[in-house]
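One structure is given here, and the rest of the page talks about it.
By convention in this document, chain letters (A, B, ...) are assigned in the order of the sequence lines, proteins followed by strands, and residues within each chain are numbered from 1.
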Number of protein chains: 2
Amino acid sequence: MATDTSRLPVASGRVAEIREVALSLFARRGYHATSMKDIGDALGIRAPSLYNHFESKQQILVEVMRGTMEQLLRDHIDALASTDDVVEQLRRATEAHVRYHARFRDEIQVGNIEIRALEEPERSRIVLLRREYSDSWEALILRGVGRSVFRVSSPRLTAWAILEMGIGVARWFDPAGEMSETLLAYHYGDMALRLVGIAHAPAASVSAVE
Amino acid sequence: MATDTSRLPVASGRVAEIREVALSLFARRGYHATSMKDIGDALGIRAPSLYNHFESKQQILVEVMRGTMEQLLRDHIDALASTDDVVEQLRRATEAHVRYHARFRDEIQVGNIEIRALEEPERSRIVLLRREYSDSWEALILRGVGRSVFRVSSPRLTAWAILEMGIGVARWFDPAGEMSETLLAYHYGDMALRLVGIAHAPAASVSAVE
DNA sequence: CCTACCGATCGGTAGG
DNA sequence: CCTACCGATCGGTAGG
């Protein structure tokens, strides 16, 4: 439960260092406001030396963004596969979503904001993965509605509301703050249940029919 | 109900044109990815001519962002002042929030993303207004909890969840799409009520005690 | 509103 | 990993 979702394969050392520094700068200032010199300075090397590890600034962005959506989708699928109870699926998927957004704040911020700075075909690839993710959420809500376990007026809006409130976490969560990532996930899990019309359900109050 | 929340005072013509074009470009590409030449091109004039109307690129950003938070706060205060019923306050505040985010999508996007490109003291001024806004939301939830009308496990998280799900609207809402802004606002109003523990309340099912 | 022009900085290459 | 350097573009000014 501590650090289950690993980052990308921890590459050759310098490459990983560059990616990490760039991620931090892109998140704080933005891709276009970050120069190769900025990245080099943060590592104590000259800007041209970066080209020994990356072909271009754009390729650094690609590497920074690669893997984020894939990992999010993997955690999501695990949450769904862990139970047939649609209530529990919703809770676990929400917890996974919130945990991910609390833990990988920079990745999420850069992923969301700098997608517009990403060139094709990488950009379309990520847009597609996102679409896949939100579609799966909508399907989950629809499944719960179909089993008469959820009651919502718009499955799509409900799915987006849950997604968006989780994305917000990446903007303000402070891992050094009073609230732990785990407690945060529980709270959001409960809120998601409320959004589908389950007033105050403790963990196993509704069991799946299947 | 159609266009109640007006934009900024419609300034001298060219100034307003520049602001509008810049808003659109900043929203689509970002502040740092937009050059003065880009703005000029969109208006059919040369970049240096822009300096007859604005002192700097930064000042254009300031003018683009100015007023957004103020108007949002005004609509919010109106919603709160319109009734003493805390349930109705929550519903109307949510509707106002969502309407604003559906209508002024570019303003919201630029306001949220490019605040990091904004120089002091303007930046702190806007951060303060935002703080004011979210504080008012938390106070609203607390009021409902105090009157035993709302039931939440964390007033602050609930406030943020409502705010964030509304902010998401600015990212995907399509005014030319099937769902109207008004219907959207209703749906989100209902979802906000659910988040505070009011399962499926039609407009006046709970009346305030005061 | 324009042209002409400024110094600074950009991403990136050459060549070692 | 470095220095030296490239053309392009940046925000902005001068001067009319």
Side-chain angles (χ1 to χ4, degrees), chain A residues 10-66 110-111 113-123, chain B residues 10-66 110-111 113-123:
Chain A
V10 193
S12 65
R14 252 292 116 106
V15 168
E17 273 179 23
I18 294 170
R19 196 172 47 212
E20 220 157 294
V21 159
L23 170 65
S24 166
L25 288 170
F26 292 168
R28 200 165 40 234
R29 309 183 192 168
Y31 175 73
H32 289 294
T34 303
S35 67
M36 294 299 269
K37 182 173 182 308
D38 291 333
I39 298 171
D41 284 351
L43 289 162
I45 64 176
R46 307 288 167 186
S49 300
L50 296 167
Y51 291 89
N52 292 313
H53 306 285
F54 289 91
E55 284 178 11
S56 63
K57 185 184 171 189
Q58 174 71 208
Q59 204 211 332
I60 298 181
L61 180 63
V62 168
E63 290 303 323
V64 158
M65 294 185 70
R66 190 192 300 277
V110 173
I113 293 177
E114 303 302 349
I115 187 142
R116 65 188 178 192
L118 202 62
E119 295 168 4
E120 297 289 2
E122 207 62 26
R123 187 220 211 95
Chain B
V10 193
S12 66
R14 252 294 117 101
V15 168
E17 274 179 22
I18 294 170
R19 195 172 47 213
E20 220 156 294
V21 159
L23 170 65
S24 166
L25 288 169
F26 291 168
R28 201 165 39 234
R29 309 183 192 167
Y31 175 73
H32 289 293
T34 303
S35 68
M36 294 300 269
K37 182 173 182 307
D38 292 333
I39 298 172
D41 284 352
L43 290 162
I45 62 176
R46 307 285 166 187
S49 300
L50 296 168
Y51 291 88
N52 292 313
H53 306 285
F54 289 90
E55 283 178 10
S56 63
K57 186 184 172 190
Q58 174 70 207
Q59 205 211 332
I60 298 182
L61 180 63
V62 168
E63 290 303 324
V64 159
M65 293 185 72
R66 189 192 300 279
V110 173
I113 294 177
E114 303 301 349
I115 188 142
R116 65 189 178 191
L118 202 61
E119 295 168 5
E120 296 290 0
E122 207 63 26
R123 186 219 212 97

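One can place CZ of B:F54 at 16 Å from C1' of D:dG11, the figure rounded to the nearest angstrom. Rounded to whole angstrom, the span from the OH atom of B:Y51 across to the C1' atom of D:dG16 amounts to 19 Å. The NZ-C1' distance, from A:K37 to C:dA8, rounds to 12 Å in whole Å. In this structure, the CD1 atom of A:I39 is 14 Å from the P atom of D:dC1, given to the nearest Å. Put simply, OH on B:Y31 is 13 Å from P on D:dC10, counting in whole angstrom units. Here the C1' atom of nucleotide D:dC10 and the CG atom of B:D41 are 14 Å apart, to the nearest Å. Summarising the geometry, the separation between CD1 on A:I18 and P on C:dG11 is reported as 14 Å, rounded to the nearest angstrom. B:M36 places its CE atom 23 Å from the P atom of D:dA8, with the value rounded to the nearest Å.
The only member of B:L118, B:L61, B:I115 that meets side-chain contact (heavy atoms from CB on, under 4.5 Å) when paired with B:V110 is B:L61. Test B:V21, B:I39, B:I60 against B:T34 for side-chain contact (heavy atoms from CB on, under 4.5 Å) and you get one pass: B:I39.
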Check: protein-nucleotides 2-5 of chain C nitrogen or oxygen pairs below 3.5 Å:
{"from": "C:dC2", "atom 1": "OP2", "to": "B:R46", "atom 2": "N", "distance (Å)": "2.9"}
{"from": "C:dC2", "atom 1": "OP2", "to": "B:S49", "atom 2": "OG", "distance (Å)": "2.4"}
{"from": "C:dT3", "atom 1": "OP2", "to": "B:R46", "atom 2": "NE", "distance (Å)": "3.3"}

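Remark: DNA chain C forms stems of 3 or more consecutive Watson-Crick or G-U wobble pairs, all pair distances under 3.5 Å, at C:1-16 with D:1-16.
Here the side chain of B:D38 pairs a donor or acceptor atom with the backbone of B:S35 at under 3.5 angstrom. Between the side chain of B:Q58 and the backbone N or O of B:A117 there is at least one donor-acceptor pair closer than 3.5 Å. Side-chain N or O atoms of A:Q59 include one that pairs as donor or acceptor with a backbone N or O of A:E55 at under 3.5 Å. At distances below 3.5 Å, at least one donor-acceptor pair connects side-chain atoms of B:E114 with backbone N or O atoms of B:Y31.
When the nucleotides D:dC1, D:dC10, D:dG12 are ranked by their closest atom to the side chain of A:R14, D:dC1 comes out on top.
Judged by the 6.0 Å distance and 45° axis criteria, A:K57 is not positioned over the aromatic ring of A:Y51.
Scanning both residues, A:H32 and B:H32, for their nearest heavy atoms gives CB-CB, 3.8 Å.
Of the side-chain N and O atoms in A:S35, one or more sit less than 4.0 angstrom from OP1 or OP2 of C:dC10. Regarding contacts with the backbone of D:dC1, a side-chain N or O of A:H53 is found under 4.0 angstrom from either OP1 or OP2.
Judged by distance alone, the side chains of A:N52 and A:S49 never bring a donor and an acceptor atom under 3.5 Å apart.
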